[in-house]
Amino acid sequence: MKAADNAAGDDAARSDRQPRAAAAGSTAAGQPAAAQDRWDPRSVQDKWLVRWDALDPFRASEDPADDRPRYVLDMFPYPSGDLHMGHAEAWAIADAMARFHALRGDNVLHPIGWDAFGLPAENAAIRGNSNPADYTYRNIETQAASFRRYAISVDWTRRLHTCDPDYYRWTQWLFLRLYERGLAYRGDGYVNWCPVDQTVLANEQVIDGHCERCGAEVVRRVLTQWYFKITDYADRLLADMAPLEGKWPERVLLMQRNWIGRSDGAEVRFAIEGRDEPVTVFTTRPDTLYGATFFVVAADSPLADELCSPEHREQLKAYVAEVRKLTDIERQSTEREKTGVFLGRHAINPVNGERISVWAADYVLPDYGTGAIMAVPAHDQRDLDFARKFALTVRVVVDTGLPDPAETGVATPGEGTLVNSGPLNGLAKADAIARINEVLAERGLGKAAVSYRLRDWLVSRQRYWGPPIPIVYCDACGELPVPDEQLPVTLPDLRGQDLAPKGISPLAGATDWVTTQCPKCGGPARRDTDTMDTFVDSSWYFLRFCSPHYEAGPFDPEAVRRWCPVDLYVGGVEHAILHLLYSRFVTKALHDMGMLDFTEPFTALVNQGQVINQGKSMSKSLGNGVDLGQQLAEHGVDAIRLTMIFASPPEDDIDWADLHPDAMVRFLGRVARIAGDVGSRASGQVADGDQGLRRVTHRTVDEVTRLVEAARLNVAVARLMELTSATRKAIDSGPGAADPAVREAAEALTIMLSLFAPYTAEECWEKLGRQPTVTAARWPVAEPALLAEDQVTCVVQVAGKVRDRLQVPPGIGEDELRALALAAPGVSRALAGRAIRAVIVRPPKLVNVVPAEPAG
RNA sequence: GCCGAGAUGGCGAAAUUAGGUAUACGCGGAUUCCUCAAAAGAAUCUGCCCGAGAGGGCGUGCGGGUUCGAGUCCCGCUCUCGGCACCA
């Protein structure tokens with residue numbers, strides 16, 4: 001917020017100090033450039049902000065006649081302080097795209113809102129003895145003011161905040177719809193617990209064993225929590241990525257694929273001596289079943305306890321206690337030596353009847369597959385390490401041609417021919433898998449199966465600033481959903497120390513709030529005191545934007561049908577497997593409820609790169625942060641936006657230390673001067689204008705259009721710079737400022753530039769005598785006749801090296817071009833009398849003369 | 001360890017993604033014009049090496065290959081970045 005105040009204050013001061021720049025637009029055209037002050041894009045900001053406010057040019061139309069809807073969306077900001085460089089980068093990109101489509105006549109929906117629930121506000125409230133809403137809404141206002149000044153082309157009437165009861169009412173509604181379908185459930189399980197934030201976290205929020213928010217090392221706990229059953233959609237989340245191919249960054253698709261982690265294999269039932277029920281394992285290598293020489297269950301699973309013989313109970317207890325002491329990071333280190341205990345029991349290998357020992361170990365995870373594995377030490381390194389530690393049998397069942405793992409200590413997981421495997425002997429891996437699956441199925445001992453790495457989405461949080469989970473507990477009736485008509489379940493007004501983390505939700509302390517009536521029997525009941533993960537809020541916000549004030553449901557189906565799915569989504573890659581996966585899941589779930597007629601929320605995705613400084617990401621501890629407000633105050637909005645866009649392709653990181661906003665100010669000045677120099681009337685006949693400049697203009701329009709469509713914005717700006725130079729030349733040393741082609745060039749330039757530098761573009765538009773604002777202009781269209789070249793440069797090579805150049809008509813014939821090329825002086829010089837072996841002719845651009853022998 | 005992406009001047013980056021002028025555009029640097037001077041603007045040059053010049057040689061991480069022709073395609077490396085990581 002400090003930054004915004006600076007920006008505003010400084011801007012005002014500057015515009016007072018530099019009145020002449022603003023006045024320059026009204027001076028007579030053709031005034032010598034040298035007489036003007038340096039263009040200061042800051043000087044016109046206030047003027048245009050007021051005009052845009054009055055005209056409201058970015059309102060998305062609800063008129064059905066506007067039949068070219070286009071939804072451009074930027075990941076909505078979290079209101080922590082004022083905007084930073086990252087926001088400026090992302091919004092510069094999305095805004096250019098939104099403005100482009102609007103100028104092309106599309107009915108653009110480009111909304112803004114705030115992802116306003118979350119921990120920072122809560123922590124600030126504890127420190128400041130206030131309610132998180134105070135901090136949140138204050139920051140939202142600060143950011144909104146900064147966004148307005150940043151000149152983003154959004155429809156402000158659709159603004160939403162996820163912490164408004166009007167919004168989270170529908171987040172709770174979503175929870176209830178998932179609950180009805182069994183997609184929201186309460187269950188026990190291993191959860192990630194952040195000891196600092198005192199709340200559970202979803203798997204996706206744990207980065208390298210640490211809390212995504214505060215960086216504390218996460219510990220595992222068994223707790224009863226609310227989950228969304230995203231695993232039901234694992235297969236569809238994978239399969240539906242096919243149409244996103246080429247529209248989403250490849251690495252995001254890849255990250256999602258890895259995160260979902262589909263494994264194809266088989267389930268195999270192992271009988272356990274002295275136990276009625278067999279235990280099922282999941283394996284990706286059923287072909288190695290004959291090589292299973294022991295059996296391992298996760299030490300900290302109930303199964304280990306069940307299978308343990310009484311004589312070994314003490315050892316297991318001691319071992320589990322040891323395991324519990326380890327952090328997740330230690331536990332999951334592959335370097336660590338294998339540990340485990342024998343459980344005093346045996347399992348029977350179902351295919352060869354062999355008795356194999358049952359062990360408990362921590363290298364088997366309790367929450368993947370079935371929490372139990374068949375160990376095939378010859379062909380799995382982990383099993384081999386364990387077998388060698390405890391002197392267990394290693395039996396090779398796949399001949400890979402590599403040395404015996406029992407001797408080398410190196411397992412052979414690769415392909416080979418099956419041996420020591422009864423009916424599988426002689427088969428290759430794929431055939432063996434098919435065969436054994438048949439056998440298992442026939443005998444009822446197992447079947448082909450799929451397992452996923454993806455876990456259900458843990459959505460409960462033991463914190464205050466989120467949507468309360470709309471469930472009540474009645475002693476008589478049990479767990480009940482809050483009826484729709486009682487939504488929203490609003491937050492009680494807690495503040496300061498009431499919010500301090502204590503391991504259970506702060507809401508539990510609000511006795512009046514917790515105590516409620518059972519919706520079924522009317523008796524006393526208690527509210528669920530957890531709140532939902534903020535990623536639930538953001539998993540559906542793009543739907544709400546279509547009808548943000550709709551009261552009959554989370555969204556007006558008609559409006560969603562009109563705008564969705566989102567045509568272009570711009571945001572950081574940090575959400576590759578969080579927000580983007582959750583949104584895809586929620587979209588599919590709503591689709592299955594018949595509420596949406598599409599299954600993927602975001603048709604195209606652009607990941608903007610980060611803004612870094614001096615090679616490192618900006619951070620307080622490094623002290624290398626760059627303040628956006630200061631940058632804007634110093635160089636102006638247009639220059640900063642343009643700097644971000646021109647620096648690199650949108651998806652690349654940019655290092656602020658390498659960039660030069662001043663250069664962009666200079667460029668904007670050149671454009672502004674051209675607009676001021678144009679000497680023809682707005683009504684003139686363009687066709688009579690200078691053909692050379694017209695060609696450049698139309699070629700630029702054609703190229704820039706294609707470049708922007710492909711989001712190659714940095715190159716688009718480069719083309720605008722070239723057009724600027726060509727126009728300058730035409731004015732100074734060509735047909736002159738009064739030529740209508742100069743006006744045409746200047747107008748096209750202005751419209752195209754408005755994607756990146758809206759203030760300067762408006763000023764130019766006004767200088768060009770156009771009304772009312774460039775936002776109402778139409779994107780220029782290239783005339784095909786002007787795209788055709790009348791002369792092209794033909795390169796003449798000898799032995800692949802350029803030796804001459806010819807100016808030729810584009811339609812030149814092969815024979816004619818060959819003759820011209822062979823007569824070129826550079827060719828005879830390079831040939832130096834050598835005979836010609838071949839002449840490759842590619843009219844009209846290239847001829848390659850191949851001499852009979854190399855030069856020597 | 002597994003999976004993926006990338007490597008182009010002093011720097012950020014281009015090369016219409018069917019192989020055909022490598023370094024567009026900008027930064028930085030040099031020289032010049034305008035000016036009493038500066039600022040602002042404008043012009044020219046700027047990959048490396050040899051050469052006064054004309055011109056020539058070498059150049060897209062490294063080594064091979066295909067081709068008349070490779071930054072672009074194929075094979076093998078090196079390095080950098082990102083994701084996953086005891087997931088059976």
Side-chain angles (χ1 to χ4, degrees), chain A residues 32-39 207-208 249-259 261-263 265 281-285 288 296 331-336 338 361-365 367-376 379-383 385-386 413 451-455 573 576-577 643 646-649 652-655 657-660 662-664 666-667 669-670 673 699 702-703 706-707 710 712 714-722 724-725 728 732-733 793-802 804-805 826 829-830 837-842 845-851:
Chain A
Q36 293 182 16
D37 277 358
R38 189 182 182 200
W39 169 250
I207 313 293
D208 285 335
E250 188 50 44
R251 70 176 160 161
V252 173
L253 296 175
L254 196 78
M255 280 162 78
Q256 292 216 353
R257 260 184 216 111
N258 290 342
W259 190 258
R262 179 185 164 111
S263 290
V281 301
F282 175 77
T283 176
T284 52
R285 293 294 301 275
T288 63
V296 190
R331 178 174 169 167
Q332 295 189 355
S333 163
T334 46
E335 327 278 81
R336 214 176 104 243
K338 293 280 175 289
D362 63 357
Y363 82 91
V364 173
L365 306 176
D367 53 355
Y368 180 77
T370 60
I373 62 154
M374 62 178 214
V376 184
H379 307 296
D380 182 287
Q381 191 61 48
R382 297 156 299 184
D383 295 344
D385 293 344
F386 192 86
S451 188
Y452 296 95
R453 214 192 74 104
L454 183 70
R455 308 292 205 273
V573 71
I577 47 175
T643 301
F646 182 60
S648 75
D652 287 8
D653 287 354
I654 56 181
D655 191 330
D658 294 335
L659 304 179
H660 303 266
D662 268 339
M664 298 302 109
R666 230 170 314 171
F667 165 60
R670 279 196 286 271
R673 215 168 309 113
R699 202 165 50 230
D702 179 60
E703 276 191 72
R706 285 199 309 245
L707 287 164
R712 304 189 49 211
N714 57 324
V715 188
V717 173
R719 296 292 169 264
L720 296 185
M721 290 173 169
E722 288 174 297
T724 303
S725 298
R728 185 77 253 161
D732 291 348
S733 51
T793 304
C794 176
V795 175
V796 186
Q797 302 178 327
V798 175
K801 292 194 173 108
V802 180
D804 219 325
R805 290 184 170 83
R829 188 169 55 228
R837 193 174 83 203
V839 181
I840 316 290
V841 186
R842 294 280 178 277
K845 302 282 280 185
L846 179 128
V847 176
N848 187 12
V849 180
V850 187

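The chains referred to below are lettered A, B, ... by the order of the sequence lines, with proteins before strands, and numbering in each begins at 1.
- Here U21(B) is the nucleotide among A88(B), G56(B), U21(B) with the atom lying nearest to any side-chain atom of Val795(A).
- Here the side chains of Lys338(A) and Val296(A) are not in contact, with every heavy-atom distance at 4.5 Å or above.
- When the nearest nucleotides of RNA chain B are assigned to Tyr452(A) and Ile654(A) by heavy-atom distance, the more 5′-ward of the two goes with Ile654(A).
- For the residue pair Ala647(A) and Leu659(A), the shortest heavy atom distance occurs at CB-CD2, 3.5 Å.
- C81(B) and C86(B) have their P atoms separated by 22 Å, given to the nearest Å.
- The residue Val364(A) sits close to a base: some heavy atom pair falls under 4.0 Å.
- From Met721(A), atom CE reaches atom CZ of Phe667(A) across 5.0 Å, with rounding to the nearest 0.5 Å.
- With contacts defined as side-chain heavy-atom distances shorter than 4.5 Å, the pair Thr288(A)/Met374(A) qualifies.
- Taken to the nearest 0.5 Å, the OG1 atom of Thr643(A) stands 8.5 Å off from the CG atom of Asp662(A).
- As rounded to the nearest Å, C75(B) and U67(B) have C1' atoms that lie 16 Å from one another.
- Residue contacts for Leu254(A): at a heavy-atom cut-off of 4.0 Å it reaches the sugar-phosphate backbone alone, with no base atom in range.
- Comparing G28(B) with A85(B), their P atoms are spaced 45 Å from each other, to the whole Å.
- Separating the CG atom of Asn258(A) from the P atom of C3(B) is a distance of 10 Å, rounded to the nearest angstrom.
- Residues meeting the side-chain contact (heavy atoms from CB on, under 4.5 Å) test with Asp652(A), sequence neighbours left out: Ser648(A), Pro649(A).
- When all heavy atoms of Thr370(A) and Val281(A) are compared, the closest pair comes out as OG1-CA, 3.5 Å.
- Summarising the base pairing, G53(B) is matched to no nucleotide, lacking a Watson-Crick or G-U wobble pair whose two defining distances lie under 3.5 Å.
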Any N/O pairs under 3.5 Å between the protein and nucleotides 24-28 of chain B? List them or say none.
| unit_1 | atom_1 | unit_2 | atom_2 | d |
| --- | --- | --- | --- | --- |
| A24(B) | O2' | Glu722(A) | OE2 | 2.8 |
| C27(B) | O2' | His660(A) | ND1 | 3.4 |
| C27(B) | O2' | His660(A) | NE2 | 2.3 |

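- A gap of 12 Å separates the C1' atoms of G29(B) and C11(B), to the nearest Å.
- Between Val376(A) and Arg285(A) the shortest side-chain heavy-atom distance does not fall below 4.5 Å.
- G4(B) is paired with C81(B) under the Watson-Crick or G-U wobble criterion, all donor-acceptor distances under 3.5 Å.
- Of the P atoms belonging to G83(B) and A30(B), the separation is 41 Å, rounded to the nearest Å.
- Following rounding to the nearest Å, Arg453(A) (CZ) and A88(B) (C1') show an atom-to-atom distance of 14 Å.
- As rounded to the nearest Å, C25(B) and U44(B) have P atoms that lie 11 Å from one another.
- Arg257(A) has its CZ atom 11 Å from the C1' atom of G4(B), to the nearest Å.
- Applying the 90° cutoff around 0 to the glycosidic angle, G82(B) is assigned anti.
- For Asp702(A), the side chain to side chain donor-acceptor pair (under 3.5 Å) criterion is met by Arg706(A), not counting sequence neighbours.
- When the C1' atom is compared between U17(B) and G12(B), the two are found 23 Å apart, to the nearest whole Å.
- Take Phe386(A) and apply the ring-ring contact (aromatic ring centres under 6.0 Å, His included) test, not counting sequence neighbours, and it matches Phe294(A), Trp359(A), Tyr363(A), Phe390(A).
- Base pairing of G19(B) is not made with any nucleotide, judged by Watson-Crick or G-U wobble geometry with both donor-acceptor distances under 3.5 Å.
- Rounded to whole Å, the distance from CZ on Arg455(A) to C1' on C84(B) is 13 Å.
- Considering only residues two or more places apart in sequence or on other chains, Asn258(A) meets the side-chain contact (heavy atoms from CB on, under 4.5 Å) condition with Leu254(A).
- Rounded to whole Å, the distance from CG on Asp732(A) to P on A42(B) is 9 Å.
- Taking the nucleotide of RNA chain B with the nearest heavy atom to each of Gly371(A) and Asp653(A), the more 5' of the two is matched to Asp653(A).
- Atom C1' of nucleotide G55(B) and atom CG of Asp804(A) are separated by 13 Å, given to the nearest angstrom.
- The distance between atom CZ of Arg699(A) and atom C1' of U16(B), rounded to the nearest whole Å, is 12 Å.
- One interatomic measurement links the two molecules: CD1 of Ile577(A) to P of C3(B), which rounds to 19 Å at whole-angstrom precision.
- To the nearest 0.5 Å, the span separating CD on Glu250(A) from CZ on Arg257(A) amounts to 6.0 Å.
- Arg262(A) comes within contact range of no nucleotide atom at all, as no heavy-atom separation falls under 4.0 Å.
- Separating the C1' atom of C45(B) from that of G82(B) is a span of 41 Å, rounded to the nearest Å.
- Pair check for A42(B) finds U32(B); Watson-Crick or G-U wobble, both atom distances under 3.5 Å.
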List every contact pair, protein side and nucleotides 66-71 of chain B side both N or O, where the distance is under 3.5 Å.
| unit_1 | atom_1 | unit_2 | atom_2 | d |
| --- | --- | --- | --- | --- |
| C68(B) | O2' | Asn848(A) | ND2 | 3.4 |
| C68(B) | O2 | Asn848(A) | ND2 | 2.6 |

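- Distances shown here put a side-chain N or O of Lys801(A) below 4.0 Å from the OP1 or OP2 atom of C58(B).
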